[in-house]
Amino acid sequence: MRFSKGVFSTLAMLSLTTSLGVLDANASTKSTTPMLGFRYDKQAANYQDLSSSDYYKDVWNNATASWKKAGFTWTKANTAKTTVSSYDGSSDMTLAGYNSVSYNKSTGEITSSKVRINRAVFEKYNYTKAERTYVAEHELGHALGLGHNNADSVSVMNPANRYYTIQACDINGMKARYSTTKSFDSVPNNPGEIITVTEYLHVQPKVTKLTTSYNSQSHALTVKGRAIGTDRLTLTYKGKKVKSAPVKSGQFKLTQSFKGYGTFQLKNGRKVLTTIQPQQYATPKVKVISAERTTKGIRYTFAGPRAATLKIAQNGRTIKTLKTTGTTTKVFISNAQIKNSTRGLTVTQRVANKKTSQIVQLPPLKANIKQVTNF
């Protein structure tokens with residue numbers, strides 16, 4: 001649901017731009033949630049609940065009760081300048097809610113306030129009842145005069161809040177907003193002084209239940225999981241876009257062939273939602289615990305995962321392959337296998353659904369020399 005640009009003053013546009021711009025920031029929680037330019041005359045206000053379902057009436061009852069516990073008293077009334085309700089915002093699934101406030105720019109007195117939360121977003125992205133209540137608390141926070149806290153903040157006024165109820169920083173902001181008393185009755189309203197500001201709560205894109213698997217035949221990585229707050233994801237490899245795919249019914253799956261051991265990222269537009277490091281899709285490197293050369297050959301002790309395929313090669317030629325049964329594996333390589341030379345020896349390992357590990361170079365050894373590595 002969108003509003004006509006005509007209802008926004010320059011001040012309103014600046015306020016909206018500021019509130020949206022913090023979404024890409026990465027800052028800690030402000031100890032006092034910022035204030036907006038409007039308020040009620042005292043730390044209390046009436047509201048009219050326009051909800052048609054008992055479910056959402058309960059959501060608003062819980063949200064107003066939370067604010068009452070925090071120190072701001074919302075009282076339900078048959079008529080009030082502040083109205084609350086849910087709406088079907090399926091035309092814009094990036095918004096979890098909004099608060100549209102009209103106020104006198106000279107005095108800061110609120111003349112009307114429309115507080116709404118988006119049922120369509122809640123249903124599509126599986127918000128719990130508690131999370132819907134947190135969104136309602138967020139919008140009521142705007143209604144009483146609070147702005148957004150920082151992105152990634154632990155605050156009900158997080159600009160993409162879903163997971164937090166009212167925090168100490170929000171109570172600090174509310175107290176700061178109402179630290180003085182005001183009597184709006186002594187200042188008559190001038191219609192020319194009334195402006196409207198709308199604050200939006202954007203859905204926070206998020207990836208959950210992420211799994212990765214690697215196909216050694218096609219040399220391709222498959223990434224799948226669940227996503228909320230977005231209809232399309234982009235996969236990058238070493239910083240370059242390699243694939244884009246839609247999110248259907250909250251699920252996604254991308255498969256991409258590649259070379260090397262670079263880092264993948266899943267992005268929503270320019271925002272990185274998750275990073276996939278090589279250790280998530282590749283088998284870890286072999287750890288060489290000890291290596292000893294005798295007159296007959298070399299004895300190695302390797303550390304690594306169970307059920308891995310261990311491969312020892314010399315100058316690119318495989319000389320021994322075996323399956324590991326424990327976390328340590330002892331291997332003997334005869335002089336005949338290495339043609340009596342310990343140069344050019346390497347070892348790799350691979351477990352199911354993972355890429356083969358990066359190559360570990362084995363040091364050349366002289367006869368009757370043992371090397372031991374402690375981890």
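These numbers come from a predicted model, not from an experiment.
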Chemist: Taking all non-hydrogen atoms of both residues, which atom of Thr198 and which atom of Ser100 are closest, and how far apart?
Modeler: OG1-OG, 3.3 Å

Chemist: With rounding to the nearest 0.5 Å, note down the distance linking OG1 in Thr346 to CG in Asn315.
Modeler: 8.5 Å

Chemist: Do Ser102 and Thr111 meet the criterion of a side-chain donor-acceptor pair at a distance under 3.5 Å?
Modeler: no

Chemist: Between Leu233 and Leu273, is the side-chain contact (heavy atoms from CB on, under 4.5 Å) condition met? List the steps.
Modeler: CA-CA 9 Å; Leu233 290 173; Leu273 300 185; 3.6 Å; yes

Chemist: Using atom types as modelled, flag every donor-acceptor pair under 3.5 Å from a side chain in residues 166-178 to any protein atom, sequence neighbours excluded.
Modeler:
{"from": "Gln167", "atom 1": "NE2", "to": "Thr165", "atom 2": "O", "distance (Å)": "3.0"}
{"from": "Asp170", "atom 1": "OD1", "to": "Thr33", "atom 2": "OG1", "distance (Å)": "2.8"}
{"from": "Asp170", "atom 1": "OD1", "to": "Ser155", "atom 2": "OG", "distance (Å)": "2.5"}
{"from": "Asp170", "atom 1": "OD2", "to": "Val156", "atom 2": "N", "distance (Å)": "2.9"}
{"from": "Asp170", "atom 1": "OD2", "to": "Gln167", "atom 2": "N", "distance (Å)": "2.9"}
{"from": "Asn172", "atom 1": "ND2", "to": "Ser31", "atom 2": "O", "distance (Å)": "3.0"}
{"from": "Asn172", "atom 1": "ND2", "to": "Ala168", "atom 2": "O", "distance (Å)": "3.4"}
{"from": "Arg177", "atom 1": "NH1", "to": "Leu36", "atom 2": "O", "distance (Å)": "2.5"}
{"from": "Arg177", "atom 1": "NH1", "to": "Phe38", "atom 2": "O", "distance (Å)": "3.4"}
{"from": "Tyr178", "atom 1": "OH", "to": "Tyr40", "atom 2": "N", "distance (Å)": "3.1"}
{"from": "Tyr178", "atom 1": "OH", "to": "Leu144", "atom 2": "O", "distance (Å)": "2.7"}

Chemist: Working note: Trp74 + Asn46, criterion side-chain contact (heavy atoms from CB on, under 4.5 Å); need CA distance, chi angles, decisive distance, verdict.
Modeler: CA-CA 6 Å; Trp74 287 101; Asn46 292 341; over 6 Å; no

Chemist: Side chains of His148 and Glu199: closer than 4.5 Å at any heavy-atom pair?
Modeler: yes

Chemist: Tell me whether Asn215 contacts the main-chain N or O of Ser218 through its side chain, where contact means a donor paired with an acceptor under 3.5 Å.
Modeler: yes

Chemist: What pairs with Tyr214 under ring pair (Phe, Tyr, Trp, His ring centres under 6.0 Å), at least two apart in sequence or on another chain?
Modeler: Phe258

Chemist: Is the backbone N or O of Leu365 less than 3.5 Å from a side-chain atom of Thr342, with the two atoms forming a donor-acceptor pair by type?
Modeler: yes

Chemist: Please list all pairs meeting salt bridge (charged side-chain N to carboxylate O under 4.0 Å, His left out) that have one or both residues in residues 234-251, counting only residues at least two apart or in different chains.
Modeler: none

Chemist: Do we see a donor-acceptor contact under 3.5 Å between the side chains of Ser86 and Arg119?
Modeler: yes

Chemist: Does Val286 share a hydrophobic cluster with Val351, counting links as ILVMFWY side-chain heavy atoms below 4.5 Å and allowing steps through other members?
Modeler: no

Chemist: Below 4.5 Å, heavy atoms only, C-beta onward: do Phe264 and Leu221 meet side chain to side chain?
Modeler: yes

Chemist: Take atom NZ of Lys81 as the centre, draw a 6.0 Å sphere, and report whether it contains more than 12 heavy atoms from other residues, nucleotides or ligands.
Modeler: yes

Chemist: Using the rule that Ile, Leu, Val, Met, Phe, Trp and Tyr join whenever any side-chain heavy atoms are under 4.5 Å apart, tell me whether Val121 and Tyr134 fall into a single cluster.
Modeler: no

Chemist: Would you find a donor on one side and an acceptor on the other, under 3.5 Å apart, between the side chain of Asn61 and the backbone of Lys57?
Modeler: yes

Chemist: Treating Ile, Leu, Val, Met, Phe, Trp and Tyr as nodes and any side-chain heavy-atom pair under 4.5 angstrom as an edge, say whether Ile117 and Tyr55 lie in one connected cluster.
Modeler: yes

Chemist: Closest approach of Ile110 and Ser113, non-hydrogen atoms and distance?
Modeler: CG2-CB, 4.3 Å

Chemist: Which pair of non-hydrogen atoms, one from Pro159 and one from Leu201, has the smallest distance, and what is that distance?
Modeler: O-CD1, 3.3 Å

Chemist: Not counting sequence neighbours, list each pair that qualifies as a salt bridge (charged side-chain N to carboxylate O under 4.0 Å, His left out) and has a residue in residues 121-147.
Modeler: Asp58-Lys129, Lys124-Asp231, Glu131-Arg162

Chemist: Between Tyr237 (side chain only) and Gly262 (backbone N and O only), is there a donor and an acceptor less than 3.5 Å apart?
Modeler: yes

Chemist: For the hydrophobic clusters of this structure (ILVMFWY residues joined by side-chain heavy atoms under 4.5 Å, transitively), does one cluster hold both Tyr163 and Val203?
Modeler: yes

Chemist: For a quick test of reading the model, state the closest non-hydrogen atom pair linking Gly89 to Asn118 and the distance between them.
Modeler: N-OD1, 2.9 Å

Chemist: Would you indicate whether the side-chain heavy atoms of Arg116 and Leu50 approach each other to under 4.5 Å?
Modeler: yes

Chemist: One pair to check against side-chain contact (heavy atoms from CB on, under 4.5 Å): Val347 and Leu310. What are the steps and the verdict?
Modeler: CA-CA 7 Å; Val347 59; Leu310 203 64; 4.0 Å; yes

Chemist: Is it true that Thr29 and Asn150 share a donor-acceptor pair across their side chains at a distance under 3.5 Å?
Modeler: no

Chemist: State whether the side chain of Gln277 and the backbone N or O of Thr263 hold a donor-acceptor pair below 3.5 Å, judged by distance alone.
Modeler: no

Chemist: Does a donor on one side chain sit under 3.5 Å from an acceptor on the other, for Ser244 and Arg232?
Modeler: yes

Chemist: Applying the 4.5 Å side-chain criterion to the ILVMFWY set and letting contacts propagate, would Tyr127 and Val84 be lumped into a single cluster?
Modeler: yes

Chemist: With distance as the sole criterion, is a donor-acceptor pair present between the side chains of Asn353 and Ser213 under 3.5 Å?
Modeler: no

Chemist: Is it true that atom NZ of Lys311 has more than 12 heavy atoms of other residues, nucleotides or ligands lying nearer than 6.0 Å?
Modeler: no

Chemist: Does Val223 reach the side chain of Tyr281, with side-chain heavy atoms less than 4.5 Å apart?
Modeler: no

Chemist: Is the closest side-chain heavy-atom distance between Ile319 and Leu345 below 4.5 Å?
Modeler: yes

Chemist: Compare all side-chain heavy atoms of Arg39 with those of Thr180 and state whether any distance is below 4.5 angstrom.
Modeler: yes

Chemist: I want to know whether Tyr56 and Tyr87 have ring centres closer than 6.0 Å.
Modeler: no

Chemist: Give a yes or no on whether Arg317 atom CZ has more than 12 heavy-atom contacts from other residues, nucleotides or ligands under 6.0 Å away.
Modeler: yes

Chemist: Would you say the side chain of Phe122 lies within less than 4.5 Å of the side chain of Val135, judging by non-hydrogen atoms?
Modeler: yes

Chemist: Could you walk me through whether Leu254 and Leu266 pass the side-chain contact (heavy atoms from CB on, under 4.5 Å) test, one step at a time?
Modeler: CA-CA 10 Å; Leu254 301 99; Leu266 278 172; 3.9 Å; yes

Chemist: Within the distance-only criterion (no hydrogens, no angle test), does the side chain of Gln251 pair as donor or acceptor with the backbone N or O of Ala227 below 3.5 angstrom?
Modeler: no

Chemist: State whether the number of non-hydrogen atoms from other residues, nucleotides or ligands found under 6.0 Å of Lys76 atom NZ is greater than 12.
Modeler: yes

Chemist: Any donor and acceptor pair, going by atom type alone, linking the side chain of Asn149 with main-chain N or O of Asn158 inside 3.5 Å?
Modeler: no

Chemist: Between Thr283 and Ser357, do the side chains contain an N or O donor and an N or O acceptor separated by less than 3.5 Å?
Modeler: no

Chemist: Return each pair, listed once, that meets salt bridge (charged side-chain N to carboxylate O under 4.0 Å, His left out) where at least one residue sits in residues 343-359; pairs must be two or more places apart or across chains.
Modeler: none

Chemist: Side chains of Thr329 and Thr324: donor-acceptor distance under 3.5 Å anywhere?
Modeler: no

Chemist: Would you say the side-chain atoms of Ser51 pair up with the backbone N or O of Ser53, donor to acceptor, closer than 3.5 Å?
Modeler: no

Chemist: State whether the side chain of Asn99 and the backbone N or O of Lys114 hold a donor-acceptor pair below 3.5 Å, judged by distance alone.
Modeler: yes

Chemist: Between Glu292 (side chain) and Arg299 (backbone), is there a donor-acceptor pair under 3.5 Å?
Modeler: no

Chemist: Any side-chain heavy-atom pair from Thr222 and Lys253 closer than 4.5 angstrom?
Modeler: yes

Chemist: Just do the side-chain hydrogen bond (donor to acceptor under 3.5 Å, both in side chains) check on Thr301 and Ser290 with the steps written out, would you?
Modeler: CA-CA 5 Å; Thr301 301; Ser290 66; 3.2 Å; yes

Chemist: Among residues two or more places apart or on two chains, list those pairs meeting ring pair (Phe, Tyr, Trp, His ring centres under 6.0 Å) that have a residue in residues 302-329.
Modeler: Tyr300-Phe302

Chemist: Is it the case that over 12 heavy atoms from other parts of the model lie below 6.0 angstrom from the CG atom of Leu322?
Modeler: yes

